[in-house]
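Just so we're on the same page: letters track the sequence lines, and every chain starts at 1. Because the structure is predicted, anything quoted here is derived from the model rather than measured.
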Amino acid sequence: MAQGSIHAILDQLNHIILGKPQAVKLALSCLLARGHLLIEDVPGVGKTTLAHALASTLGLSFQRVQFTSDMLPADIIGVSVYDREQSVFSFHRGPIFCQLLLADEINRASPRTQSALLEAMEEQQVTVEGEAMPLKDPFFVIATQNPTHQIGTFPLPESQLDRFLMRIAIGYPDAQAEHDLLKGEDRRHLLQHLSSQLSVSELLNLQQRVNQLTASDQLIHYVQALLNYTRESGRFVSGLSPRAGLGLVRAAKAWACIDGRDFVLPEDVQSVLPSVVEHRLQLTDNSLQADWLSEMLQTVPIPR
Amino acid sequence: MKASRPAPPKVAINWLMATLVLIALPHFLHLPAWLSIIFLAVMGWRLMNSLRGWPLPEHHLLLRAVHLLLAIIAVVLVISQYGMTIARDAGVALLTVLLAFKLLETRDIRDYYLSCFLGFFLIATQFFFQQSMLIVLLMMVNVLLLTSCMISVNDASSSIRQRLKTSGVLLLQATPMMLLLFVLFPRVPGPLWGVANDYVEVADSMPSRMTLSGLPSLSQGQTGISEAMQVGRISDQVQSDAIAFRVRFADNTIPPNQILYWRGPVLWHTDGEQWQPLATDTQPSQPEISFDEQHRIDYTVTLERHNQQWLFALDLPDSLPQGINAAMNSEGSLISSEVIRKRSQFNLSSVPDYQFNARHEPLLNYALELPDDQHPQARQLAQQLRTQYPEKTDYVQAVLNYFAEQPFYYTLSPPLLSGDVIDSFLFESRHGFCEHYAASFTVLMRAAGIPARVVIGYQGGDVNSVDQILTVRQRDAHAWTEIWLDEQGWIRVDPTSAVASERILSGIRGLLPSERRMPRAFADSPELENLWQQLREHWEAVNNAWELWVVGYDPTRQLELLRKLGMKQPDWRSMAQWLTIGMLLIFIALAWLTLRHKTQRDSVAEAYLDFCRRLSKSGVSINPAEGPMTLAQKAAQQLPEAAADIQAITSDYLAVRYQQQPDKAARFIEKVRHFKPRSHAR
């Protein structure tokens, strides 16, 4: 059943986001690997639509928060309000108590608000007035951000970028896809009619299965070789952390699962690597990062 | 147009740059400065490309022109510096500077390898100039680095430590072969390189005339004692640590310092300032000497190149040297049949107690000659003492006493003498060293009618307590006198010992300023001084062995060693046989080690590589960074007939490697063995 439903999910998503199967597959594997997703692109290429479609397709409760520079942590987490009738403070839950939170334009919020959200992402719980409150399970954050050089943005610091398993870009559609898009139905309308392809328990099962996929010693050696390359080639300010390595394996497992395999191949690692590591690496010079990642994949030999 | 090959990774380029600069560094000592500057400038250009992305010649037509122009300028400068004849210096200069240009236009892997090979060549050229142990160590480090460059271009992901380790293992594996070739490869007599230049240097430093009044001459030649001994030269040599020869005594028993007189040429003629040997044709053929054979000393001399024919022997050898073609002249000095142009080794035996009493009237007459109308004061002193001491032996003792009692000083930096040099030394300056004393003593003897002659050579030497080798240096150069007494024949009298007996008893080292010998910090404490002394002796022992057995490994040495190793009749034929056998053995040993290692390690990896090789032969390009699934899809597309096999093999491989089903390994290996893709390659 699982393989069939994965196909159905992908079909449905690709029906909404036209001509971007790669980005869609990456986004899905990120969620299957229990990772948070950062989508960075210019406005209007379908970031929000993708998040929305994912939530609907996976049958998750969905909240959307538009981040602004005057936003406070309470706007996300919730506030305690004094109830005059019962003479107690009662906590009004914020939008974070959902299964899929779309944090739109996260880099417009102040660092304080950003970090409140990112902390919740890491801990899967929020603490209000000394009381820890667990978030829902599953809990995903899909954050979108505009390219950091736009006016009025607070770029996320590296330590917080690290909380996102993947960063992807969507990019402009090609001519055919754009033609279909312009000619076709209104996306908003389509979104409203999406049916959920998966129950929450099925999703949790799927995530469990991803976690149990076989990553052989051979594959781990390959991941280690890649990590070493980033640490020792001198190209990057600092190499990848073990956390990044863990993320890489998890994402590769999810990718393999989507491809219907119960074991991970080096090709899976290669497919997810740019999205997993790009936002965690800083180049020592200002050449193109994508070039160096593809060169890395071209030069680091796969253990035989 | 040639197909574009992959560019070497930047890491590899930077690594090579650093290595090449290190290799060229010792060459900067003798290259003209402008050449070193061009080299560094070109390297700097490449470095800026690497760091800041400066454009290279290939990026811009104008830069290409600049590149070409610079290269032409460099070549023209080399030619103008050294002329058109391609000799050692010009060749090395050209190689160095063009290597820098080659690196600048290194675009693909092939260029990179070429630069590496040129680098190896440049390392070898260093031996044209120096062959000391330290240089060899430095060159070995360079070889290690350059090898790791070639590794880095193939495996950019490896760390520096990994690269150096692989390179070290590679070189270690090559070491047995190197040693075998060194020991067994037939040697060519004489130095292979640097010959022409060496001779020019020597010719430049040969003394033309010598004058006593010119003391001290400031020429800094270090070529050793010359035939027509220039007195002032000894002063320079006193300061020189250059090695004249080394001696190993049989049984390692070193005779006391006061009998270590190393006899060289004998001087007879004087014009008052210069002393010269007899012309060859005036000499009788053979000396007549009787020896007290009980005290014979056997030893081996290793003489450094000095470009004269003299051989130095302990006073006095009782037989001709073995291992070199030489004769003894009537003065008891040994003369080689050939000029000593390379380090030579010979065995000798000497007897310190001897009677040199062959009476030869013309010779005795030579030994009385004094230039007319010179040294009036000296003659007067001689007359006065002779009348006082009619007995010859008494007179000799009286003159020695005169040196000892009057305020004469032994100094290595005597004042300049003018006018009648002997008189002004004896009665005015009274500061001098061995040759002043030997010359004036000889004059005083001749003035009193006692035949006398000057002998020059070396006195003493340093014993290394580690290897028991006596090293005689240029600073040990010495001059003494021999006088003829009718009853005793020629006997040695060293007037210097009357003035400075410590020179003879403990060697000249004690008379040199102490800071020349050891760092000041060491001189403060006796333990440190002792330590310094020991370190120095160990270092010299190692250096001696290096000079004698590695640098000096010539045909004679080779034969000697091979005989010791048990070869009865070593000639080039048997050497070639042993060389072949040895190489085979080394190959077998290495092959066994590698193969054993491999079967133990990973037969699956071997089989998969074999699979890749077979695909590659059928025209499928193999990239080690490509996943097995990707490769299988690509190969199946290119070789549709073999697609099923490829899929089956790959799926087994994936099962073993990525699905943890090791039981499929045997089946996988078997399948690869039978895998025969139909060749699509033409």
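- Heavy atoms of B:I160 lying under 4.5 Å from chain A are absent altogether.
- Under the side chain to side chain donor-acceptor pair (under 3.5 Å) criterion, A:D180 pairs with A:Q176, sequence neighbours left out.
- Only the backbone of A:L297 comes within contact range of chain B, with at least one heavy atom under 4.5 Å from a heavy atom of that chain.
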Scan chain A against chain B and return every donor-acceptor pair whose distance is under 3.5 Å.
unit_1, atom_1, unit_2, atom_2, d
A:S216, OG, B:R657, O, 2.7
A:E267, OE2, B:M629, N, 2.7
A:E267, OE2, B:T630, N, 2.6
A:E267, OE2, B:T630, OG1, 2.8
A:Q270, NE2, B:A625, O, 3.0
A:Q298, OE1, B:N623, ND2, 3.2
A:I302, N, B:P624, O, 2.9
A:R304, O, B:R657, NE, 3.4
A:R304, O, B:R657, NH2, 2.9

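- With respect to chain A, the highest number of heavy-atom pairs below 4.5 Å among B:C612, B:G627, B:A625 belongs to B:A625.
- For A:V264, the part sitting under 4.5 Å from any heavy atom of chain B is the backbone (N, CA, C, O) and nothing else.
- The stretch residues 613-633 of chain B participates, sequence neighbours left out, in no ring-ring contact (aromatic ring centres under 6.0 Å, His included) pair at all.
- Proximity to chain B at a heavy-atom threshold of 4.5 Å picks out nothing from residues 161-172 of chain A.
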